[in-house]
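This report refers to the structure that appears directly beneath it.
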Amino acid sequence: MAGAPPETPLYDTAALRAVERAAAAELGDDFELMRRAGEAAWREWLDRWTQAYSLLVVCGPGNNGGDGYVMATHAQRNGRRVRVLRLREHAPRGELAQRAAAEYAAAGGATIEFDGALPAADAIVDALFGIGLSRPPDAAASALIAAINAHGAPVFALDAPSGVDADRGAAPGAAVVADCTLEFIARKHGLRTGAALDCAGELLLADLGLDLPAHSVYPVAEWLRAPDLRRWLRPRRRDSHKGRNGRVLCIGGDHGHGGALMLCAQAALRSGAGLVDAATRAEHIAPLLARLPEAMPRAVESSEDVRAALAAADVIAIGPGLGTQEWGAHLFVAALTSGKPLLLDADALNLLAAQPRALPADCILTPHPGEAARLLGSDTVRVQADRYAAVRALSERYRCAVVLKGAGTLVHAPGQGVRAIGAGNPGMAVGGMGDALSGAIAALRAQGLDAFDAASCGALLHSVAGDRAAREGGERGLLPSDLMPWLRRCANPRADER
């Protein structure tokens with residue numbers, strides 16, 4: 001897949017502003033894009049809230065506010081009870097926003113100033129800042145945002161929820177929590193990871209009739225969703241055998257942590273590995289066999305005990321329950337020097353952070369934000385403030401594929417674009433989910449995918465399985481073991497699955 005165009009491209013705000021400038025020049029009317037955006041917003045709102053009569057449009061001073069004024073004009077002309085609300089200091093600035101506000105006033109539209117409370121309304125439109133703000137809102141804007149969030153009416157955001165950084169996915173201060181967001185021109189990469197996921201709600205797109213490739217702008221990321229599994233998970237040959245489907249060695253499970261390794265091994269099997277070895281402490285052998293007789297466990301007390309398994313493996317997944325004491329540290333070094341494709345997770349990442357070293361080019365790292373911070377010598381707040389920058393920094397520092405876990409998981413490898421996983425849910429925030437992810441990725445690597453594709457497909461498979469399991473029984477109380485049957489089902493996608 002290297003060099004192939006992304007099937008669902010994601011763009012940064014710099015690219016979108018370049019398209020806006022070029023399109024305005026071609027159209028010969030700078031106001032035309034604002035007119036299209038406002039009309040698209042009105043039509044989308046009308047489709048979703050047909051019964052809503054009163055509409056409160058919160059407009060900022062810039063072009064996002066201008067889009068809101070155009071939408072409000074449509075609502076006014078179509079007999080809705082509409083009011084524009086703005087901050088006292090947010091009079092329209094710039095020719096386009098001023099023109100949109102004037103047309104709204106000419107249509108008989110009313111404008112009120114925020115006095116600390118919002119009037120009653122059936123729905124609220126957020127046209128305060130859009131993609132125009134990447135810093136924390138000031139005190140007045142923060143108070144207005146807080147009032148929007150507390151109002152109780154559904155919130156419809158234009159282009160991006162105000163207060164969300166559409167490039168980084170962070171909310172550095174107060175941010176609107178929308179029920180849905182209508183993006184203009186193209187999908188923004190920052191709305192698909194981190195804090196943005198709690199603010200954007202359902203994401204919709206109005207392309208405004210623009211052809212992005214014609215404007216020579218390029219995506220910065222790719223959005224992967226459930227149907228993309230079919231790109232990698234194709235039907236197997238009729239003469240398949242277990243050796244052809246890869247042999248995974250899972251290493252970990254120090255005293256008291258055998259469950260982590262068991263989840264890793266089970267996920268590897270459910271994701272299609274032909275053979276799975278499990279190297280762990282002797283005390284975990286009997287429970288593992290009782291729970292998972294298909295795995296081949298072996299008791300390991302030193303690095304000598306694992307040499308034969310290392311030699312036989314196609315891929316090694318090390319870290320789940322490994323610990324950072326002498327036992328785990330010796331196994332870690334043995335795995336690194338084996339010459340085999342590696343996946344490092346959990347305590348293997350902590351050992352790497354404690355003693356950084358060069359890694360094989362086909363290695364895969366799967367850190368959560370805390371582990372990513374340790375690997376970068378940073379902190380979790382900085383990682384979460386710009387997850388795209390963090391995943392790129394990790395892959396560049398360690399020269400390998402990286403899966404940055406968390407809401408809106410990101411995958412990157414040197415020489416590749418970032419892939420954002422458009423699946424997963426809050427129920428997956430429980431111990432052991434990362435161990436299952438490691439097994440799934442290792443299994444796909446053993447079945448012949450390269451490191452970047454295995455990391456991408458495995459992260460997507462794991463997240464989609466989590467969504468299917470949550471749909472079946474709910475998010476709260478979801479366990480990694482609940483994903484196991486769904487890993488199998490989702491690893492065999494049908495053409496009609498969505």
Side-chain angles (χ1 to χ4, degrees), residues 10-49 55-78 80 82 84-86 90 92-107 109 111 123-133 155-162 164 166-167 176 178-188 190-191 200-212 214-215 217:
L10 302 175
Y11 294 84
D12 60 15
T13 58
L16 298 179
R17 295 193 190 286
V19 171
E20 288 176 351
R21 290 191 297 270
E26 290 177 8
L27 293 168
D29 181 1
D30 290 347
F31 192 65
E32 177 59 23
L33 286 182
M34 187 171 287
R35 192 190 308 279
R36 292 183 187 183
E39 182 178 359
W42 165 246
R43 293 186 182 282
E44 190 62 51
W45 184 87
L46 197 59
D47 285 345
R48 288 180 171 267
W49 291 289
L55 178 63
L56 182 67
V57 184
V58 181
C59 289
N63 285 352
N64 191 245
D67 298 338
Y69 281 109
V70 174
M71 180 185 175
T73 302
H74 282 284
Q76 179 73 18
R77 289 172 176 168
N78 282 272
R80 294 299 196 274
V82 58
V84 164
L85 180 142
R86 64 178 179 84
H90 277 188
R93 293 196 294 266
E95 180 181 347
L96 301 184
Q98 290 172 356
R99 178 176 172 182
E103 290 188 1
Y104 170 68
T111 299
I124 296 175
V125 176
D126 166 27
L128 188 57
F129 297 124
I131 64 173
L133 188 73
V155 179
F156 182 40
L158 303 189
D159 215 15
S162 294
V164 171
D167 279 328
V176 168
D179 292 270
C180 65
T181 298
L182 179 63
E183 299 178 88
F184 296 135
I185 302 177
R187 296 176 176 89
K188 285 88 180 157
L191 297 187
E202 182 182 359
L203 289 166
L204 313 169
L205 176 66
D207 64 17
L208 308 187
L210 301 183
D211 180 11
L212 267 68
H215 292 90
V217 295

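Asp12 places a side-chain N or O within donor-acceptor distance of the main-chain N or O of Ala15, the cut-off being under 3.5 Å. Of the possible polar contacts, none joining the Asp126 side chain to the Pro161 backbone as a donor-acceptor pair under 3.5 Å is found. In this structure, the side chain of Asp167 does not engage the main chain of Gly190 through any donor-acceptor pair within 3.5 Å. Between the side chain of Asn64 and the main chain of Leu158, a donor-acceptor pair closer than 3.5 Å is present. Between the side chain of Arg93 and the backbone N or O of Pro61 there is no donor-acceptor pair closer than 3.5 Å. A donor-acceptor pair under 3.5 Å is absent between the side-chain atoms of Glu183 and the main chain of Leu203, judged by distance alone.
Across all non-hydrogen atoms, the minimal contact from Ala107 to Arg77 is CB-NE, 3.9 Å. The two residues Ala186 and Leu16 have their closest heavy-atom pair at CB-CD2, 3.6 Å. Nearest heavy atom pair, residue Val57 against residue Gly68, reads CG1-O, 3.6 Å. Taking all atoms of both residues into account, the shortest heavy-atom contact from Arg17 to Gly132 is NH2-CA, 3.7 Å.
From Glu20, atom CD reaches atom CG of Leu27 across 11.5 Å, with rounding to the nearest 0.5 Å. One finds the CG atom of Leu85 at 5.5 Å from the CG atom of Leu56 (value rounded to the nearest 0.5 Å). Going from atom CZ of Arg187 over to atom CG of Leu204 covers 10.0 Å, rounded to the nearest 0.5 Å. Annotation: the span from Phe184 atom CZ to Leu210 atom CG amounts to 12.0 Å, rounded to 0.5 Å. Interatomic distance, CD of Gln98 versus OH of Tyr69, reported as 10.0 Å (0.5 Å rounding). Taking CZ from Arg43 and CG from Leu182, the interatomic distance works out to 13.0 Å, rounded to the nearest 0.5 Å.
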| request: Report the C-alpha separation of His74 and Leu46 in whole Å, then their side-chain angles, then the decisive distance to 0.1 Å, and conclude whether the side-chain contact (heavy atoms from CB on, under 4.5 Å) test is met. | output: CA-CA 10 Å; His74 282 284; Leu46 197 59; over 6 Å; no
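The pair Glu103-Arg99 counts as a salt bridge, with a side-chain nitrogen and a carboxylate oxygen less than 4.0 angstrom apart. A salt bridge is defined here as a Lys NZ or Arg NE, NH1 or NH2 lying under 4.0 Å from an Asp or Glu carboxylate O, and Glu32 with Arg35 meets this definition.
When side chains are defined from C-beta on, Met71 does not count as touching Val82, because their heavy atoms never get closer than 4.5 Å. In this structure, Leu55 and Trp45 have side chains that are in contact, with non-hydrogen atoms separated by less than 4.5 Å.
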